[in-house]
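Structure first, then comments.
What you are looking at is a predicted structure, and each value in this text was computed from that prediction instead of being measured. Every chain is numbered from 1 and lettered A, B, ... according to where its sequence line falls, protein lines coming before strand lines.
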Protein chains: 2
Amino acid sequence: MATSASGTRTAAPRAQRADARRSVQAILDAAVTCLARDPEASVVDIAAAAGVGRVTLYGHFKTRAELVDAALVRTIERADQVLAATDTAGDPVEALTRLVASSWQIVDQFRNVLLAAQRELPADRIRSVHDRVLRRVRALVERGQRTGAFRTDLPKRWLITTVFSLMHAAAEEAAAGRVKVDQVPGLISATLIAAFTPPGENARTPLG
Amino acid sequence: MATSASGTRTAAPRAQRADARRSVQAILDAAVTCLARDPEASVVDIAAAAGVGRVTLYGHFKTRAELVDAALVRTIERADQVLAATDTAGDPVEALTRLVASSWQIVDQFRNVLLAAQRELPADRIRSVHDRVLRRVRALVERGQRTGAFRTDLPKRWLITTVFSLMHAAAEEAAAGRVKVDQVPGLISATLIAAFTPPGENARTPLG
């Protein structure tokens, strides 16, 4: 066994550090999965799902709040990556369709982890991370309203709320097995495109 | 003090029973209000909100589950009354507008109490009461699809989910002070009417 005090046996500590990193990854993956399913998930549930003992978990995360914060950061990083990789330029209706298809799952996961975080973490911490995910949807809705592609008789904020609300509702239907996962993006897009059509204009049909 | 064994002094027991009924009413009102705000609300919170002691509360409801069940029944009775009093005949778009205006608040309250109930009560109990509230919305969506007023390219079930989802989202916005309560029905109706318009047709503008 390696001793951390010895500089002559670095291979074993390095292996230990690699082990620790794998544990942390497993714990974070399990935390995101468990909290997305149940925002009340306990540290014991998460340790079990990660296949590590409670002592190991508490070795990496001193409190449930610390773990929830780390799970939130991880979810946001993923959501950011997905949203950044989505082309939201060009025709706003087509951009909205692409955004829904690429991100409904990660946005829904984010929402549930956020719900867990809201019970543990301070409000300003929540607000700052929430804004990061909201930003791209907000920018698209703003552009759609500005260019006349989306209705302007309803406030921008409500249109953004509608996007997130329908993503979440459809994700719940899919999780309950009432809708097939591959039908979800189509349901959300078809509903949003019609809902956002300026009054008196023909609703466009969603893309393929 | 009256003794319940005596037939000659009924006034005092009757007064006691009236007191008990008032306690039960106060506890149920408090339970609905507290659970609608926070599905995790404890028996202690509810007793405090009702202005009764914990012992009094447990005298009427032996467990939190019993209390949650009674609160759920009360919410459903109210929702049923409101929905039954709403005219959902005639033009489906106008009927939907009336339904939203009369019931978004009670439907939202119901949803949160239901969330509390889902953690305490058996699934078949939940399903039977949930169906009662769903029924009228389902009937209206069915009629709208049958008569061609609402789109048929999306499943009936998804349109119903959209109704409840947007009612809830708007209620949350109002609760957070981001939307004025008197604007809520208009936001929901305008969004639903457009969302339900058959593809290729002109979206109708909401009433009033």
Side-chain angles (χ1 to χ4, degrees), chain A residues 38-40 93 108 111 115-116 118-119 123 126-127 130 150-180 183-207, chain B residues 38-40 93 108 111 115-116 118-119 123 126-127 130 150-180 183-207:
Chain A
D38 175 14
E40 310 273 298
V93 169
D108 181 64
R111 179 172 157 147
L115 208 64
Q118 280 165 338
R119 296 179 188 157
I126 300 294
R127 209 171 305 120
H130 195 226
F150 298 159
R151 66 198 301 171
T152 53
D153 62 326
L154 300 181
K156 172 182 71 179
R157 195 187 159 87
W158 171 248
L159 299 190
I160 296 167
T161 297
T162 300
V163 173
F164 286 107
S165 170
L166 292 186
M167 278 184 179
H168 185 62
E172 273 187 345
E173 291 292 286
R178 291 186 291 256
V179 166
K180 285 189 191 139
Q183 297 176 323
V184 167
L187 285 183
I188 303 169
S189 295
T191 312
L192 288 177
I193 291 169
F196 288 4
T197 301
E201 286 185 21
N202 265 3
R204 284 173 54 182
T205 45
L207 312 173
Chain B
D38 175 14
E40 310 273 300
V93 169
D108 181 63
R111 179 172 157 146
L115 208 64
Q118 280 165 339
R119 296 180 190 158
I126 300 294
R127 210 171 304 120
H130 195 227
F150 298 158
R151 67 198 300 171
T152 53
D153 63 325
L154 301 180
K156 173 181 71 177
R157 196 188 159 87
W158 170 248
L159 300 190
I160 297 167
T161 297
T162 301
V163 173
F164 286 107
S165 170
L166 292 185
M167 279 184 179
H168 185 61
E172 273 187 346
E173 292 293 287
R178 290 187 291 256
V179 166
K180 285 188 190 141
Q183 296 176 324
V184 167
L187 285 183
I188 304 170
S189 295
T191 312
L192 288 177
I193 292 169
F196 289 4
T197 301
E201 285 185 22
N202 266 2
R204 286 175 50 184
T205 45
L207 312 173

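For residues 170-179 of chain A, heavy-atom neighbours of chain B at less than 4.5 Å comprise A:Ala170, A:Glu173, A:Arg178, sorted by residue number.
Looking only at side-chain heavy atoms (C-beta outward), A:Pro155 and B:Leu187 come within less than 4.5 Å of each other.
When every heavy atom of A:Ala190 is checked against every heavy atom of B:Arg151, the shortest pair comes out as O-NH1, 3.2 Å.
B:Ser165 meets the side chain to side chain donor-acceptor pair (under 3.5 Å) test with A:Ser165; sequence neighbours excluded. Applying the salt bridge (Lys or Arg N to Asp or Glu O under 4.0 Å) test to A:Glu40 and every residue at least two apart in sequence or in another chain returns A:Arg119.
Distance check: A:Asn202 CG to B:Thr197 OG1 gives 10.0 Å after rounding to the nearest 0.5 Å.
Chosen from A:Trp158, A:Phe196, A:Phe164, the residue pairing most often with chain B at heavy-atom distances under 4.5 Å is A:Trp158.
Residue A:Thr191 forms a side-chain contact (heavy atoms from CB on, under 4.5 Å) with just one option from B:Thr161, B:Thr191, B:Thr162, and that option is B:Thr162.
Pairs of residues two or more places apart, or lying in two chains, never qualify as salt bridge (Lys or Arg N to Asp or Glu O under 4.0 Å) while including a residue from residues 189-202 of chain B.
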